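Everything numeric here is computed off the predicted structure, so don't read it as measured data. Heavy-atom basis, side chains included; hydrogens, waters and symmetry copies ignored.
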Amino acid sequence: MLVKPFISMSLLSIIILVGVSGCDMRFKSEAILSEYIIDLSRSQFIAVDVPAIVMPISLPSRRDRQLALSQFDIGLLDFLSLQQCDVGIVAGKRNSILGKVMTDSQRFLYELDIIRAIESCDVKDEVLSAELNDIAKKKRLELPTVFGNAIINGEEASVFFSLSNGFLPLNYSTENQQDLLNALNRLVAIGENLVDLPKVDGRVFENDLKILMDSEYGGRLLYSLAQLSRYLTSVSNNIGLLSSEVCGSPLAYLKQQFEQHYVKKIQPYMGRINRSAYEVLPLLKRLIDLGVVGDEMKNFLNQFSLISTSSIWHRYQLASQVHAKQWSRLFESCSVSLRSRS
C-alpha cells in the first residue's frame, strides 16, 4: 500500500501548471486534466505522476513536403501566343513578376488554366501539335501532385496542422465546425474531378484554404489527443495498482474525484472531440488521398488515422478504454456501483 507523507515534486509542478494554464485559453483544457490528477493525489493511497510531455510528430518543413513539378519550354508557349491561342495569355501570367512567386494554390489554378488552353489550341503543324499534346498529358498526370502541394504546402496548412495552438477549446462542438466541413467538402469535390479540369473559382478556393487555416483544427486535435492520452494513461497506471484495501472511505473520496472531474468535465469534453473528429477526419483523409504527398507527410498524416494501430487517434482510444476498465475493476472489487450520468 502506498502512503504519501508529503507532496511530490511532480504534483507541485502540476499545481503550478494549473495556475499557468488558467491564464492561457489555448491550454485551458490542460487545467481540468491537471486538477483531476491533483485531487486524486490528495489521497494517501495514490500518487499520480504524469510523465514528461511527448509531442506528436510535427508537420514537415515546407521544403520536405513540397513535391517538384516538371518544367517545359516557355518559348513554345510564346510561339503559341502568336497563333492567337489562350496559351500565351495564361503563360504570361506565369511569367509575370507575380507569377514567378505564385503560391502553390495559385499554381494549381494556373495548371488547370494552362491545360485547358493547350488542349483547346488548334495548331496546324503536326509536330508542334504532338509536342503540345505531350505537354498537356504530362501536366494532367501531375495534377494530383499540384493539388496536393496546394492543399498541404501553403501557409494555410502550416497553421492548420500547427501543434503550437494548444488544445481544442473546452466548449468545442460540431456546431463550431460547419464552415470547416463545407470547405473540406468543396475541396474534396475539386480533387475528385481533376480529370475533368474543373472550373474553380479562385476566390472561393483560396477562401476555403483560409477557413482551414483559421480553424487550426488539425494541430489542435492532434495535440489534444496526445495530452488526453498522457493524462488518462497516468491515472490508469495508478488506479491499476490499487486493491480492495482502499474499499470504504478512501475509495469514496477517489470516486468523488472521478465523478467530479472525469464524469462531469473530461468525459463530456472527450465526447465532443470524438463527434467532431468522426466528421472531420474522414473528409480530411479523402482530401489528402486525392492528391500526392511525400513519405514524410504520409508519416505525419498517419497520426490522424482512424484505423492504423500506430496512430495518435488509436493510442487515445486505447488510453480511454483502459482508463474506464481500471476504474470499473476497482469499483467492482469494492462492490461499488457508479451511477449512470447523461
Side-chain angles (χ1 to χ4, degrees), residues 17-18 21-40 50 53 55-56 159-185 211-236 257-287 301 303-308 311-328 338-342:
L17 175 62
V18 171
S21 300
C23 300
D24 190 337
M25 294 306 295
R26 294 177 303 162
F27 300 96
K28 190 70 175 177
S29 302
E30 187 147 24
I32 68 167
L33 294 168
S34 298
E35 289 166 359
Y36 181 34
I37 283 180
I38 289 171
D39 284 348
L40 282 176
V50 178
I53 185 171
M55 293 293 285
V159 177
F160 178 77
F161 288 116
S162 174
L163 299 174
S164 64
N165 297 318
F167 287 80
L168 286 170
L170 273 174
N171 61 350
Y172 192 86
S173 73
T174 53
E175 296 177 0
N176 302 124
Q177 63 187 30
Q178 194 55 55
D179 286 345
L180 173 60
L181 294 174
N182 291 340
L184 286 170
N185 274 306
I211 289 173
L212 266 64
M213 176 177 70
D214 291 343
S215 75
E216 302 177 348
Y217 184 86
R220 283 180 176 268
L221 175 66
L222 204 59
Y223 185 89
S224 301
L225 298 179
Q227 305 321 313
L228 281 164
S229 300
R230 181 170 66 107
Y231 277 90
L232 293 178
T233 298
S234 298
V235 172
S236 301
Q257 306 318 311
F258 172 77
E259 293 179 333
Q260 181 65 31
H261 295 289
Y262 181 75
V263 176
K264 290 185 178 180
K265 298 177 183 178
I266 300 172
Q267 191 175 47
Y269 175 53
M270 291 168 59
R272 291 190 293 272
I273 288 178
N274 293 348
R275 289 189 293 273
S276 162
Y278 281 126
E279 288 186 353
V280 174
L281 293 186
L283 271 177
L284 182 62
K285 183 180 186 305
R286 283 174 60 193
L287 178 61
L301 292 169
Q303 297 177 107
F304 295 93
S305 174
L306 295 175
I307 58 176
S308 172
S311 70
I312 295 289
W313 175 262
H314 177 78
R315 275 183 270 172
Y316 158 72
Q317 292 291 327
L318 185 61
S320 175
Q321 294 165 11
V322 172
H323 176 266
K325 288 178 180 178
Q326 291 294 1
W327 276 109
S328 295
L338 183 65
R339 294 191 303 274
S340 175
R341 294 177 183 270
S342 59

Practice item. Check salt bridge (charged side-chain N to carboxylate O under 4.0 Å, His left out) between K285 and all other residues, then give those that pass, not counting sequence neighbours. Key: D289

Practice item. Supply the atom-to-atom distance L168 CG to L228 CG, rounded to the nearest 0.5 angstrom. Key: 9.5 Å

**Study point:** Any L287 side-chain heavy atom under 4.5 Å of L283 side chain
**Key:** no

Review point. Do P282 and L306 have side-chain heavy atoms sitting under 4.5 Å apart?
Key: yes

Revision key, fill the gap. Sorted by chain and number, sequence neighbours left out, side chain to side chain contact (heavy atoms under 4.5 Å, CB included) with I307 holds for S305

Exercise for review: Could you tell me whether the side chain of S236 and the main chain of Q326 form a donor-acceptor pair under 3.5 Å?
Suggested key: no

**Study point:** side-chain contact (heavy atoms from CB on, under 4.5 Å) between I266 and I32, intermediate numbers included
**Key:** CA-CA 7 Å; I266 300 172; I32 68 167; 4.0 Å; yes

Review point. Given F167 and K28, is the side-chain contact (heavy atoms from CB on, under 4.5 Å) satisfied, shown in steps?
Key: CA-CA 8 Å; F167 287 80; K28 190 70 175 177; over 6 Å; no

**Study point:** D214: salt bridge (charged side-chain N to carboxylate O under 4.0 Å, His left out) partners, not counting sequence neighbours
**Key:** K210

Review point. Which residues satisfy the ring-ring contact (aromatic ring centres under 6.0 Å, His included) test with Y269, sequence neighbours excluded?
Key: none

Check your understanding: Closest approach of R230 and Q227, non-hydrogen atoms and distance?
Key -> NE-OE1, 2.9 Å

Review point. For the residue pair W327 and F258, does the interplanar ring angle fall in the parallel (under 30°), tilted (30 to 60°) or perpendicular (over 60°) class?
Key: tilted

Check your understanding: For Y36 and Q260, does a side-chain donor sit closer than 3.5 Å to a side-chain acceptor?
Key -> no

Exercise for review: For F160, enumerate each residue passing the ring-ring contact (aromatic ring centres under 6.0 Å, His included) test, keeping only those at least two apart in sequence or located in another chain.
Suggested key: none

Study note, to complete from the structure: When rounded to the nearest 0.5 Å, the distance separating CG of L184 from CD1 of I211 is 9.0 Å

Review point. Among S162, S215, P169, S164, which residue meets the side chain to side chain contact (heavy atoms under 4.5 Å, CB included) test with R220?
Key: P169

Review point. Roughly how far apart are L281 CG and R286 CZ, rounded to 0.5 Å?
Key: 13.5 Å

**Study point:** Atom pair OH (Y262) and CG (L33), whose distance is rounded to the nearest 0.5 Å
**Key:** 10.5 Å

Check your understanding: Can you tell me how far CG of L40 sits from CD of E35, rounded to the nearest 0.5 angstrom?
Key -> 12.0 Å

Check your understanding: Are the side chain of S311 and the backbone N or O of F304 linked by a donor-acceptor pair below 3.5 Å?
Key -> no

Check your understanding: Shortest non-hydrogen contact from L232 to S320?
Key -> CD1-CA, 4.0 Å

Review point. Side chains of S34 and Y231: is there a donor and an acceptor less than 3.5 Å apart?
Key: yes

Check your understanding: Going through the distances and angles, do M55 and L163 end up as a side-chain contact (heavy atoms from CB on, under 4.5 Å)?
Key -> CA-CA 8 Å; M55 293 293 285; L163 299 174; 3.8 Å; yes

**Study point:** Pairwise distance CG(L301) to CZ(F161) - rounded to 0.5 angstrom
**Key:** 5.5 Å

Distance-only criterion, 3.5 Å: show the donor-acceptor pairs between side-chain atoms of residues 270-277 and protein atoms not counting sequence neighbours.
{"unit_1": "R272", "atom_1": "NE", "unit_2": "L170", "atom_2": "O", "d": "3.2"}
{"unit_1": "R272", "atom_1": "NE", "unit_2": "Y172", "atom_2": "O", "d": "3.3"}
{"unit_1": "R272", "atom_1": "NH2", "unit_2": "L170", "atom_2": "O", "d": "2.5"}
{"unit_1": "N274", "atom_1": "OD1", "unit_2": "Y316", "atom_2": "OH", "d": "2.8"}
{"unit_1": "N274", "atom_1": "ND2", "unit_2": "M270", "atom_2": "O", "d": "3.4"}
{"unit_1": "S276", "atom_1": "OG", "unit_2": "Q177", "atom_2": "OE1", "d": "2.6"}
{"unit_1": "S276", "atom_1": "OG", "unit_2": "Y217", "atom_2": "OH", "d": "2.6"}

